[in-house]
**Q** 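Structure below; questions to follow.
Chain A is the first sequence line, chain B the second, and so forth, proteins listed ahead of strands; every chain is numbered from 1.
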4 protein chains.
Amino acid sequence: MERGYYDTSMGEIAQRVGVAKGTLYQHFESKEALMIVLFKREFHDLQVATERIAQMSVDAQEKMSLMIDTLCYHLAEKHPLFFIIRNATDLEAEIHQEIKEYFNAMRAQIGLMLDEGKAEGIFNVALPTEVMLEVLFGIIVSRLFKNFHQGLQVKYEDLVGHLKCIYFHGITAPAPAPAG
Amino acid sequence: MERGYYDTSMGEIAQRVGVAKGTLYQHFESKEALMIVLFKREFHDLQVATERIAQMSVDAQEKMSLMIDTLCYHLAEKHPLFFIIRNATDLEAEIHQEIKEYFNAMRAQIGLMLDEGKAEGIFNVALPTEVMLEVLFGIIVSRLFKNFHQGLQVKYEDLVGHLKCIYFHGITAPAPAPAG
Amino acid sequence: MERGYYDTSMGEIAQRVGVAKGTLYQHFESKEALMIVLFKREFHDLQVATERIAQMSVDAQEKMSLMIDTLCYHLAEKHPLFFIIRNATDLEAEIHQEIKEYFNAMRAQIGLMLDEGKAEGIFNVALPTEVMLEVLFGIIVSRLFKNFHQGLQVKYEDLVGHLKCIYFHGITAPAPAPAG
Amino acid sequence: MERGYYDTSMGEIAQRVGVAKGTLYQHFESKEALMIVLFKREFHDLQVATERIAQMSVDAQEKMSLMIDTLCYHLAEKHPLFFIIRNATDLEAEIHQEIKEYFNAMRAQIGLMLDEGKAEGIFNVALPTEVMLEVLFGIIVSRLFKNFHQGLQVKYEDLVGHLKCIYFHGITAPAPAPAG
DNA sequence: TATGAATGAGCGTTCATTCAT
DNA sequence: TATGAATGAACGCTCATTCAT
């Protein structure tokens, strides 16, 4: 996870895991198959958490707020999962397919939350859900854009707050409280 | 551009360009040097456009709106530039340095626009400019996350409009026009 | 050994040894590392023999005579070791270092024999030991200068005798036995 | 001369000479042909000097003494000529042939000097001229064995004297002057 | 089942040589 | 005649994958 797909050889992985290279190939058909399994494992917790949020009895904004907390926690803090997925542009189509399906399941669930929000009149119905989803992931993963901005001088909790603020209200200055 | 750094060999590039491998090396010192030149060429137009916007006599929101148009045009439509930059996590430090400097120059200029907007009372002073910048790039590049979402059913112009809408006002439903 | 460092590719070596290129690299970190190992192996016997001669209880001339026998046997007859070392002027510094150390250990021991000889009044104290050493190696290795003189019409044993003769007494005709 | 055959590319040579690579190939058929010409040029002075010495009206020892001066001057001081020849073990046979012929001409002339010396009773007739020649070159070139012994603490003039001393009288201590 | 030596295609790169201008 | 861009075979080296033990 910390090195990227191309910069990690099977030999290194085997060494780190403490088995021989051959053993690795008895459990995983190929380097790419190994990656898929790794991702699935990582995704699992996130999927479970997403599921739980989806079934909570709170309004859509609250759900999305929790969803952002969760995504930030799992992706940004725990593992640069999406980042690696993004890097792997050129992995075999087959792999992508597997990961895509996993990803899309979660994505669909979040889409439902957004749709709920629209139905509740909380979210802007003029915005296609697809776009809202894309922007959500773009915002979350942007935090990982580390190579171009190492020293972000913001605390983690504040950052998540800021991301929610922008996602929900944009960068525009809030309207002044009405006088009186 | 369409294949990623690691999955494109110099031999392939040479073949596609229609020259011998050696010829490539007469023009570019290394694979990485080739990449830098490619990026610089791509970046140049974008930089010029950014410069022009920075010097326009319009308010910050208008500038940012134009900036989003420009970024979308150059990056999303013309070339998946940022996407590849993101992929290249593990390219040699030196290369990164060169590209980073190019990128950071543009980034800094957009940062100034955002600061102007805060000074003008248009943008939310509670949000760190750094975060606003990260989110901006996250939103723009998110559109390029093609592998997970090929068939976005939205027209290009509408999409840009939606991105601006979210970036400026978030996904929350707009307040109803005051009855009158 | 018979081809020189630069004219022997790893592929060729692999082929000759009957393994794949990759296999070679599993045993030797690099082409240079392979060379070092080869040299060390060759040198070992020579070093042992030198050691033994150094500890014999004979006078310095006898030691040097045995030393010349040994050098001729190992270098000229067995392998053109020094010759290749000389060729490799421009190998990486690090490699040279390793080989140099091996070589210098043996060289130092021979230097001690020469110094002993001087102390015993056998060798010419006017000649710096360093120079005596250089000339010794120059003489031995000269025999290997095969490309310019393939068909030396002298038997091996005679040749060694001649070399000793010159090294000890020069090319000048011996003084006639004093009459009477 | 200062870099060795393999570490000098035609491009570098062209650049240093101030012409284009193509121009080089109009004057020299190949890299090896270029080397031959270079060597011939270097050799020329040495050959002339050798010729002159051969025709002097002095005894053979004096001739050989001058010859050693000359060889040392041309080879050791002026250019590491022999050293490079030795390095080039694996150059094409054709090249060797040309250089060999040049070299052998000079070698033959020195051989004659040695034979003269034997006829004059000065040199040891028990030593084959071939061997005396080999040792001569071995001694001279030994001085160039720079990589294994950089800091020879002997002045140039002294060194030449020592080499002559050994070549003529060996390393054995001179007999004490007979008591008067 | 676990191993790790063996494999070999493929990579980025070099450079002697050619040839159209 | 001089040029230097183009060539492409060959190099040292890597690493995902295989397979005999």
Side-chain angles (χ1 to χ4, degrees), chain A residues 3 5-15 17-35 90-92 95, chain B residues 3-15 17-35 91-92 95, chain C residues 3-15 17-35 91-92 95, chain D residues 3 5-15 17-35 90-92 95:
Chain A
R3 292 271 297 275
Y5 186 73
Y6 291 104
D7 271 17
T8 310
S9 71
M10 289 300 266
E12 240 177 312
I13 294 171
Q15 201 172 19
V17 175
V19 303
K21 252 189 298 181
T23 312
L24 229 47
Y25 276 90
Q26 243 157 24
H27 294 290
F28 309 100
E29 210 175 45
S30 68
K31 192 182 180 184
E32 298 183 346
L34 167 59
M35 204 188 81
D90 26 43
L91 295 177
E92 297 297 307
I95 289 204
Chain B
R3 291 275 294 278
Y5 186 73
Y6 292 104
D7 267 21
T8 309
S9 73
M10 288 301 263
E12 235 177 319
I13 294 172
Q15 202 170 16
V17 175
V19 301
K21 250 193 298 181
T23 310
L24 232 46
Y25 277 90
Q26 223 155 35
H27 295 289
F28 308 98
E29 214 174 44
S30 67
K31 193 183 180 183
E32 299 184 345
L34 167 60
M35 203 188 81
L91 295 179
E92 295 297 305
I95 289 206
Chain C
R3 290 274 297 277
Y5 186 74
Y6 292 104
D7 268 21
T8 310
S9 72
M10 290 300 264
E12 237 177 315
I13 295 171
Q15 201 170 18
V17 175
V19 300
K21 247 190 304 178
T23 311
L24 231 45
Y25 277 91
Q26 222 155 37
H27 294 289
F28 309 99
E29 214 174 44
S30 67
K31 191 181 181 184
E32 298 184 345
L34 166 59
M35 204 189 80
L91 295 178
E92 297 296 306
I95 289 208
Chain D
R3 294 269 298 273
Y5 185 73
Y6 291 103
D7 271 19
T8 309
S9 71
M10 290 299 267
E12 240 176 313
I13 294 171
Q15 200 172 21
V17 175
V19 301
K21 253 189 297 182
T23 312
L24 229 47
Y25 276 89
Q26 243 157 24
H27 294 290
F28 309 99
E29 210 175 43
S30 69
K31 191 182 181 183
E32 299 182 347
L34 168 59
M35 205 189 79
D90 26 40
L91 295 178
E92 296 296 306
I95 289 207

**Q** Tell me: CD1 of C/I13 to P of F/dC11, nearest whole Å?
**A** 11 Å
**Q** How long is the gap from CZ on C/F28 to CG on C/L34, to the nearest 0.5 Å?
**A** 5.0 Å
**Q** How large an angle, rounded to 10°, do the end axes of the helix from E/dA2-F/dT21 to E/dT21-F/dA2 enclose when each is built from five base pairs?
**A** 10°
**Q** Taking only residues two or more places apart in sequence, or in another chain, which ones meet A/Y25 in a side-chain contact (heavy atoms from CB on, under 4.5 Å)?
**A** A/M10
**Q** Between B/G11 and B/K21, what is the shortest heavy-atom contact and its length?
**A** CA-CG, 3.7 Å
**Q** If you find the nucleotide of DNA chain F closest to C/E12 and the one closest to B/G18, which residue's nucleotide is nearer the 5' end?
**A** B/G18
**Q** The criterion is side-chain contact (heavy atoms from CB on, under 4.5 Å); which residues satisfy it with B/A20, sequence neighbours excluded?
**A** B/T23
**Q** Quickly work out the A/F28 CZ to E/dA2 P distance and round it to whole Å.
**A** 12 Å
**Q** List for me each residue that meets side chain to side chain donor-acceptor pair (under 3.5 Å) alongside C/E12, sequence neighbours excluded, and say none if there are none.
**A** C/R3
**Q** Is there a side-chain contact between D/H27 and the phosphate of F/dT1, meaning an N or O under 4.0 Å from OP1 or OP2?
**A** no
**Q** Atom CG of B/L24 and atom NZ of B/K31: how far apart are they, to the nearest 0.5 Å?
**A** 11.0 Å
**Q** Return the CE to CD1 distance between B/M35 and B/I13, rounded to the nearest 0.5 Å.
**A** 10.5 Å
**Q** Between B/L34 (CG) and E/dC11 (P), how many Å, whole number?
**A** 15 Å
**Q** Could you go over nucleotides 14-18 of chain E and give all protein N or O partners under 3.5 Å, atom names and distances?
**A**
{"unit_1": "E/dA16", "atom_1": "OP1", "unit_2": "D/K31", "atom_2": "NZ", "d": "3.0"}
{"unit_1": "E/dA16", "atom_1": "OP2", "unit_2": "D/M10", "atom_2": "N", "d": "2.6"}
{"unit_1": "E/dT17", "atom_1": "OP2", "unit_2": "D/Y25", "atom_2": "OH", "d": "3.0"}
{"unit_1": "E/dT17", "atom_1": "OP2", "unit_2": "D/K31", "atom_2": "N", "d": "2.9"}
{"unit_1": "E/dT17", "atom_1": "O4", "unit_2": "D/K21", "atom_2": "NZ", "d": "3.1"}

**Q** Nearest nucleotide by nearest heavy atom, which residue falls closer to the 5' end of DNA chain E, A/A20 or C/A20?
**A** A/A20
